Trainee: 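The structure is given below, and queries will be raised subsequently.
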Amino acid sequence: MNITDKQILLSAAIKAVDYLTEIKERNVSPEAAAIEALKEFNEDLPDSGKDALQTIDFLNRYGSPATMASTGGRYFGFVIGGSHVPALAANWLSTAWDQNAGLFVTSPVSAVIESVCERWLTEILPVARGASVGFVSGVTMANFTALAAARSAILNANDWDVERRGLFGAPPIKVVVSEEAHSSIFKALALLGLGMDRVIKVPTDSNGCMSLDRMPELNSDTIVCIQAGNVNTGGMDSGQIVVDAKKKGAWVHADGAFGLWAGASEHKKYLTKDYELADSWATDGHKWLNVPYDNGIVICREKEHLRKAMSMDASYLDQSGVRIPYQYTPELSRRARATDIWAAMRTLGKNGIDDLISRSCLYAELFALKLEEAGFEILNEVETNQVLVSFGSDDETQEVISAVQHEGTCWVSGTNWKGRVAMRISISSWATKPADVTKSVAAMIACARKVVLNAA
Ligand SMILES: *Cc1c(COP(=O)(O)O)cnc(C)c1O
């Protein structure tokens, strides 16, 4: 490699390290001036290429300040994790490898790392031992992949090969979801031809979990989607639904984008009791495990259903006895994303992962306690990492959310919970420390007091 190429790569690495060092001191949301300066990107495509070092410099000068500091420790918006440093470093190295992780022959190392992650993930998550694991871009794709396997299995049991024949004229599949199901479940159903409107929606309790006594009749032609971790409350659907649905022969899919990780915590794993009896699971690496985007995980009890739905060409099956990654996912060519997961899990270990999950839940309790002490209302049962707060009327709460976002110490999003505007605090980052919680609570209370004073 010539000197210039080395300089380009090292310059990017140094800028990245500086970014991550300074991010703790910066406001979480970008300054208005930084967003304004994004107009600098709006250049015409040059006739001859520009200097590479200057290009990386440009990206850092105008790009870095206009980021949301979500990888710091005081970003509590949506459900978004940060990047655990060893996972980020592994991501850099494996990006330099530029592997096509779709086949063993195009990347032996990716295939082997996927197999190792498959074993590790099925050991610590509340899923079936020996299940098959595929590495996709996020839970939207993980839900899609798992539901494709479900569709394949149910129709195959009815002598209908859906991969070959399509859905026209196929026996119907009954789909049961929570009324609180994440939008990505409906997107997956739409893409799979199962339709997002022809589902049965099960009513939920006050914490957004499916009501056991409101479940419809189930049979072996049914897919039941449960949710581990409601995006608002963090509430976990009861494993009793899995037990009951399995007795009726239904396929149970668990959307556990973040909540499935509760099963990796000694303190919290009571919440995922009996989840391992389900047929498929979807979870994210890029949320609570804190690996870089994009990183989703699909898990399927029976390898053959996943294979049949994803591999298309039976002649590839087990030809070589090695893992052929594309047979587990919709994509063929893709990056070696399991490398990030491998590095996070190897450096955290079982105890480190348990600690990450348990700690986030503890901080959620701390937020709830401090805000309640200050006189504000907590709207959810804080069981995992999500806290919903009301600061009074809907207008007042909305004003407090905007004030907190603008003030910059931390960032939270707003939501609507059972008809009320709420501030949603999600603690999903490895980087969050007790001092971040204290500092953020103080900022929230100060903003809230200002809003209330203005109203008086
Ligand atoms: C975040 C989330 C999703 C979507 O996951 P992506 O990784 O953004 O595709 C689905 N379901 C739940 C419960 C989520 O929290």
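Just so you know, these numbers come straight off a predicted model, no measurement behind them. Read the numbers this way: they start at 1 and go in the same order the structure lists the ligands and their atoms.
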Trainee: Between Lys246 and Asp279, is there a salt bridge with N-O shorter than 4.0 Å?
Mentor: yes
Trainee: Using the side-chain contact (heavy atoms from CB on, under 4.5 Å) rule, pick out the option among Leu369, Leu371, Ile425 that qualifies with Ile378.
Mentor: Leu371
Trainee: For ligand 1, which is the ligand I care about here, please tell me if Thr140 has any N or O atom under 3.5 Å from one of the ligand's N or O atoms.
Mentor: yes
Trainee: Numbering the atoms of ligand 1 from 1, which are under 4.0 Å from a heavy atom of Val231?
Mentor: 14 (C), 15 (O)
Trainee: Passes side-chain hydrogen bond (donor to acceptor under 3.5 Å, both in side chains), Ser280 versus His253? Steps please.
Mentor: CA-CA 5 Å; Ser280 59; His253 171 67; 2.8 Å; yes
Trainee: Please work out which of His286, Lys187, Lys287, Glu180 has its closest non-hydrogen atom nearest to atom 15 (O) of ligand 1.
Mentor: Lys287
Trainee: Show your working on side-chain hydrogen bond (donor to acceptor under 3.5 Å, both in side chains) between Thr283 and Trp261 and close with a plain yes or no.
Mentor: CA-CA 8 Å; Thr283 193; Trp261 291 92; 3.0 Å; yes
Trainee: Check the pair Asp294 / Arg337 against salt bridge (charged side-chain N to carboxylate O under 4.0 Å, His left out), numbers first and verdict last.
Mentor: CA-CA 8 Å; Asp294 42 21; Arg337 58 170 61 92; 3.4 Å; yes
Trainee: Closest non-hydrogen protein atom to atom 6 (P) of ligand 1, residue and atom name please, with distance?
Mentor: Val139 N, 3.5 Å
Trainee: What protein heavy atom lies closest to atom 11 (N) of ligand 1? Include the residue and the distance to one decimal.
Mentor: Asp255 OD2, 2.7 Å
Trainee: Out of all atoms in ligand 1, which are within 4.0 Å of some heavy atom of Gly138? Include the element for each.
Mentor: 7 (O), 9 (O)
Trainee: Would you call the rings of His286 and Tyr293 parallel, tilted or perpendicular, taking 30° and 60° as the class edges?
Mentor: tilted
Trainee: Where's the contact between Phe258 and ligand 1, heavy-atom distance under 4.0 Å: side chain, backbone, both or neither?
Mentor: side chain
Trainee: Students should be able to answer this: which protein heavy-atom is nearest to atom 4 (C) of ligand 1, and at what distance?
Mentor: His182 CE1, 3.5 Å
Trainee: Under 3.5 Å, is there a donor-acceptor pair linking the side chains of Asn219 and Thr222?
Mentor: yes
Trainee: Which atoms of ligand 1 sit under 4.0 Å from any heavy atom of Gly229?
Mentor: 13 (C)
Trainee: Please state whether Gly296 comes within less than 4.0 angstrom of ligand 1, counting heavy atoms only.
Mentor: no
Trainee: Kindly indicate whether a cation-pi arrangement holds for Arg334 with Tyr326, taking the cut-offs as under 6.0 Å to the six-membered ring centre and within 45° of the axis.
Mentor: no
Trainee: Pull out every atom of ligand 1 sitting under 4.0 Å from any heavy atom of Asp284, numbered as shown with elements.
Mentor: 5 (O), 6 (P), 7 (O)
